Amino acid sequence: MAEELKDTLNLPVTDFPMRAGLAEREPVRIAHWERHGLYGQIQARAAGKPAFVLHDGPPFTNGDVHIGTALNKLLKDAILRYKSMRGFRTPYVPGWDCHGLPIEHKVMKELQARKQSLDALGVRKACAEFSAAYIEKQRGQFKRLGILADWASEYRTMDPAYEGEILGGFASFVEQGLVYRSKKPVYWSIPCQTALAEAEIEYKDKRSHSVWVAFPVADPAAKQLAPAHPLSVVIWTTTPWTLPANLAIAVHPELEYVEVRHGERSFLVASALREAFVAACALDGAVDGFKVKGRALEGLQPRHPFIDRASPVVLADYVTTDAGTGCVHTAPGHGIEDYQTGNKYGFEPYCPVRDDGTYADDGKVPAALVGITVLETDGKNPANIAVLELLKSKGALLKAQSFEHSYPHCWRSKTPVVFRALDQWFVGLDRGDLRKKALAAVGDVKWIPASGENRIRAALEGRPDWCISRQRAWGVPIPAFYSPSTGESYLDAGVVRHVAQQVATRGGDWWWAASVEEVLAGAPIPAAWPKDLRKGTDTLDVWIDSGSSHLAVCAKHKDLHWPADLYLEGSDQHRGWFQSSLWTAIAVKGSAPYRAVLTHGFVVNEKRQKISKSDGKPQTADDYVKKYGADIVRLWVASENYQSDIPLSDAIFETISNQYRSMRNSLRYQLGNLYDFDASKHAVAVDQLSPVDRWVLIETAKLIREVTDACERNEFHRAAAALAGFTTATLSATYHNVVKDRLYTTAPDDPLRRSTQTALDLVLRAYLKLIAPFVPFTADEAWSHLHAKTEYVDSTNVHLQDWPAIDARWEDAAGQAAHAAVTRIQALAAQVNVPMERLRQEKKIGQSLEAAVVVTGDAADADFALLTAHQALLTELWIVSSVQLKPQAGAALAFQVDKADGVRCPRSWRWVPALVEAGRFGMVSPRCREALLAKYSQL
RNA sequence: GGUCGCGUAGCUCAGUUGGUUAGAGCACCGCCUUGAUAAGGCGGGGGUCGAUGGUUCAAGUCCAUCCGCGACCA
């Protein structure tokens, strides 16, 4: 009998599964989308509409897609899907950053492991293959995340046409006189005879000499110093071999320095380091003399201990009192800080060390040192030993001792590297007012968040001239020429342009493969150039590569426009891509390449620390996609406030998974209850909808407003929070819960049931569109079930819909009134629930339907009046069997809950005073009898 | 060390121009339900709003300093 009655209910029917199985289902849906050319359909649908160009920052092609890279791409994808639903054309051309040292480094390591060595062309070929292989991998991983893009048009910085654009842009730099050649210290590997980049350095512990060296001051009175004895400024260094290149001594302007008297000599050191100095050099019985601020020492002229020149005192903020004497040996040709200080004071980056590591005979290096190598083998450094000898003979060496410290080593030869000034190419950022123009352009861009503007400004203002040459093979060649006899360099815009054209068709390899004659054939060679020239072997800094993408992509692709509407990358790109793109755009086009720049933070672990390999946690996007599915990863991205750090942990993914399940369950409920609903036949007019249905439509309107507002502000986590709240509170706990009774127990065509189905249908359609940018797989899956009761449908796709609109009729006066009433009655439910819960804990009732409610209150009380006016709604909204209103003058509103009297209807489970006969269905409540009669016409 | 940013319940986030006992969802505990069921409902516990000091009648909300974390520099 009970089974039979259950069969008379209109229970939900749907094939939309509760269990998502995202890891298995999503790839099938991707294939479905690709088969239908979803990206193309989306573009075609918006043909003629204004374009929203989000220009893709190219990920580096040297590994699997990192979870942070995935976050970036998913934010872009969500924005584009949203914008397309808002009526924009959203062409999206993804890119790949292919050149650069990390790839060359990896490739060289592999070659080394196989004991192979290759020339530049061979290395380039291996790098190109490496890069291409990772493009394939990454593209697959991006597609798996549900990224929709014009993959056929993707740009790659190693493509000949792209390389041609880079060089074309570079030609404009040269033409405007922005490019110059100058010396700058770089890491140098002596055995490899090559410059190294940061990534090619390994830090290892090393035992070095540390020495205290006295620089005699001939004329202390020039700075109003009155030492008791002949004065020396004392420096401390761990690289004695750089002393021949010493050009200055740096002191901190704010530090205090003190005269230390010992024997017949006076020494000048920082007061804070006086004790350490006296102890290290065993100056027993030393006494202090005058004290002086570092600032006052500027311009003092100590003499170099073994070369006949002055080593003037200069000021530098980086001088510390951690170690040494507070007087820092400064060799602008052997250190970056030294170089910068040297620049400030007009010293050349003097470097008497040749490529092979030996001292040059330049007329300044003492004869005793010429030809001696600075390369350390077996812990012995011939240059250090020779320099120490020299210092001793001059009486300048106060102390030498061993010193253990971490020191950079060449990753290939494993020998200590040296810092050595080499000729490099630079872009002069203040030439042609480039910096001024760039700073001005910053003001025309919308920075999101606004603090990004300060960051880019600081980066632009603080940046020294841009060193754009790299002594590497895997990159775009710098089309410069050199005279073998004089070493003079030759760079000309016309020639660069000629090379650019050739490279655009032949590829960068051509530069290496062709002879000088071939390279210059047909080029407009300046008359002043000598006949005898060789090609340069340097490549361009890869930031020029990616920084030229707006020229090579936005300005070229027919669907796009220049400048782009939006750049969206991690906040580290203020010093990277945002900046390099701005420089190239200012130089070539005179304005910024983007209208707006949106930045996000970095993925961190539960301790808010950067995700690192030592965590032992998975770091690639695929790890998470395989475990949770792309929609979960996407929902995580949407839920986080990406403007600061973005935490990632198993606990967070569990929470997100729960939220997802909640959404999915609501979808299943709605789809299941719409199985026999056809809007064209059954829809109820808005003004005829029941109050609770009008209520949910207004709630939906509020949701649409909230999500839309959040999306317009790019604050997707607010959208996600609003959707989560709507799902659990508005739908699951309230609307779906309340409306179950009428959906299940009334006759299929009951106006009340059709009213609710009408609302459910409207809510579901809006809801699916709202979640589509964030969980596109699930949204489209449900959309298929809604339209065709099947998993895949060819005729329609949620991503081809317009963003949901609010029907003005939902919010008319009657709707507002119904909404207000239902909202208040719902709020009062909390007061019913408390006493009801007490009965339940006492095991007196179970389901809320077993309860009968009595409300007492003054008839004039606003709430009591409201309940009286809407008495018909109360049992349904509170999900109880009866509600009795007892007006009582002067009484406060009170809710009393008891176990319901009467009998329980076996069909509706409601308690009624008495059951009635319903033929073959037995005894049921009067209301159920009517429903059965309506459904079966015969009982 | 410098610049910028962040720091509200176990987790993810709200807290508008300073103003009632600091909120939501998830998680947790208890009860109910088994006709949304690898679901659902109800009730409950839980926060000295990073710390300290200050401005104010009133501060999570403004100011200062410090601590922690991150990014970029050095």
Side-chain angles (χ1 to χ4, degrees), chain A residues 2-3 5-12 14 16-20 317-318 320 322 336-337 340 449 451-459 461-463 570-576 579 599-610 636 639-641 643-662 664-673 715 717-718 720-729 731-734 736-738 740-741 743-745 829-830 832-843 845-851 879 907-909:
Chain A
E3 275 305 304
L5 276 176
K6 183 175 171 180
D7 292 340
T8 69
L9 298 169
N10 317 304
L11 293 178
T14 179
F16 183 78
M18 187 50 227
R19 192 168 162 73
D317 288 334
Y318 55 78
T320 67
D322 296 344
I336 289 287
E337 287 179 331
Q340 284 162 355
S451 60
E453 179 165 348
N454 293 333
R455 290 191 68 168
I456 190 93
R457 276 187 193 284
E461 279 164 359
R463 164 157 212 161
S571 58
D572 55 335
Q573 298 303 330
H574 287 109
R575 282 186 177 270
Q579 199 195 140
T599 52
H600 57 79
F602 290 81
V603 178
V604 296
N605 63 22
E606 54 268 73
K607 291 177 202 139
R608 297 250 162 193
Q609 293 162 335
K610 188 166 68 171
W636 165 68
S639 301
E640 298 292 340
N641 180 355
Q643 299 214 335
S644 59
D645 297 331
I646 300 125
L648 169 66
S649 69
D650 292 334
I652 290 170
F653 264 84
E654 283 308 314
T655 302
I656 298 291
S657 295
N658 281 332
Q659 281 177 13
Y660 174 82
R661 251 177 254 134
S662 169
R664 194 170 176 91
N665 183 250
S666 284
L667 292 176
R668 185 171 142 86
Y669 175 95
Q670 298 189 330
L671 289 168
N673 282 300
E715 293 173 353
H717 66 287
R718 287 165 178 275
L723 283 164
F726 182 81
T727 307
T728 52
L731 292 182
S732 188
T734 307
H736 289 174
N737 206 24
V738 157
K740 270 197 300 192
D741 179 76
L743 286 172
Y744 298 173
T745 66
V832 178
N833 285 333
V834 172
M836 194 191 301
E837 183 59 24
R838 208 176 303 129
L839 286 185
R840 194 175 284 135
Q841 299 274 350
E842 289 165 2
K843 309 284 184 195
I845 61 164
Q847 286 179 298
S848 60
L849 281 176
E850 288 178 58
I879 319 182
R907 183 169 179 276
S908 69
W909 295 347

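Please read these numbers as outputs of a predicted model, since none were measured by experiment. So that the names make sense, note that chain A is the first sequence line, chain B the second, and so on, each numbered from 1. What you see below is based on every heavy atom in this structure, not just the backbone, and it leaves out hydrogens, waters and symmetry mates.
In this entry B:A59 has no Watson-Crick or G-U wobble partner, no candidate having both defining distances under 3.5 Å. The partner of B:A74, taking Watson-Crick or G-U wobble pairs whose two distances both stay under 3.5 Å, does not exist in any strand shown. Nucleotide B:C26: paired with B:G10 (Watson-Crick or G-U wobble, both distances less than 3.5 Å). Nucleotide B:U21 has no partner under the Watson-Crick or G-U criteria, as no pair reaches both atom distances under 3.5 Å. Shown here, B:A51 forms a base pair with B:U65; the pair counts as Watson-Crick or G-U wobble because both key distances fall under 3.5 Å. B:C31 is paired with B:G41 under the criterion used here, namely a Watson-Crick or G-U wobble arrangement in which both key atom distances are under 3.5 Å.
Rounded to whole angstrom, the span from the CG atom of A:Asn737 across to the P atom of B:U37 amounts to 14 Å. One interatomic measurement links the two molecules: CE of A:Met836 to P of B:G44, which rounds to 13 Å at whole-angstrom precision. Protein atom CG of A:Asp741 is 15 Å distant from nucleotide atom C1' of B:G40, rounded to whole Å. Between A:Leu9 atom CG and B:A36 atom P the separation is 10 Å, expressed in whole Å.
Legend: residues meeting ring-ring contact (aromatic ring centres under 6.0 Å, His included) with A:His717, ordered by chain and number and at least two apart, are absent. Residues forming a salt bridge (Lys or Arg N to Asp or Glu O under 4.0 Å) with A:Arg668 (at least two apart in sequence, or on another chain): none. Shown here are the ring-ring contact (aromatic ring centres under 6.0 Å, His included) partners of A:Tyr669, two or more places apart in sequence or in another chain: A:His736. Looking at residues two or more places apart in sequence or on another chain, you find a ring-ring contact (aromatic ring centres under 6.0 Å, His included) between A:His574 and A:Phe578. Contacts of A:Phe602 classified as ring-ring contact (aromatic ring centres under 6.0 Å, His included), with partners at least two apart in sequence or in another chain: none.
A:Arg664 forms a cation-pi arrangement with A:Phe16, by the criterion of a distance under 6.0 Å to the ring centre and an angle within 45° of the ring axis.
Checking B:U12, B:A71, B:G43 against the side-chain heavy atoms of A:Glu640 singles out B:U12 as nearest. Candidate nucleotides B:U12, B:G5, B:C4 were compared by shortest atom distance to the side chain of A:Ile652, and B:U12 ranks first. Checking B:G43, B:U37, B:G15 against the side-chain heavy atoms of A:Arg668 singles out B:U37 as nearest. The side chain of A:Arg718 approaches B:G15 more closely than any other nucleotide in the set B:G40, B:G15, B:C4. Considering only the side chain of A:His736, B:A36 comes nearest among B:A36, B:C13, B:G43.
Among A:Glu842, A:Arg838, A:Lys843, A:Met836, the single residue meeting the side chain to side chain contact (heavy atoms under 4.5 Å, CB included) criterion with A:Arg840 is A:Met836.
Taking 4.0 angstrom as the limit, A:His717 places a side-chain polar atom (N or O) nearer than this to OP1 or OP2 of B:A14. Phosphate proximity of B:G40 to A:Lys740: absent, as no side-chain N or O sits under 4.0 Å from OP1 or OP2. Close to B:G41, at under 4.0 Å from its OP1 or OP2, lies a side-chain N or O of A:Ser732. Neither OP1 nor OP2 of B:G5 sits under 4.0 Å from any side-chain N or O of A:Asn454.
Across all strands, A:Arg457 comes closer than 4.0 Å to no nucleic acid atom at all (heavy-atom distances). Using a 4.0 Å heavy-atom cutoff across all strands shown, A:Asn665 reaches at least one base atom of the nucleic acid. As judged by a 4.0 angstrom heavy-atom cut-off over every strand, A:Ala733 is placed among residues touching the sugar-phosphate backbone only.
Of the two residues near RNA chain B, A:Tyr744 and A:Arg19, the one whose nearest nucleotide lies more 5' is A:Tyr744. Residues A:Ala724 and A:Ser908 each lie close to RNA chain B; by heavy-atom proximity, the contact nearer the 5' end of the strand is made by A:Ala724.
Contact of the A:Trp909 side chain with the A:Thr745 side chain is not registered, since no non-hydrogen atoms from C-beta on lie closer than 4.5 Å.
Defined by atom type and a distance below 3.5 Å, a donor-acceptor pair is present between the side-chain atoms of A:Asn658 and A:Arg661.
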- B/S/- contact track for nucleotides 26-34 of chain B, protein heavy atom under 4.0 Å: SS--BBSSS
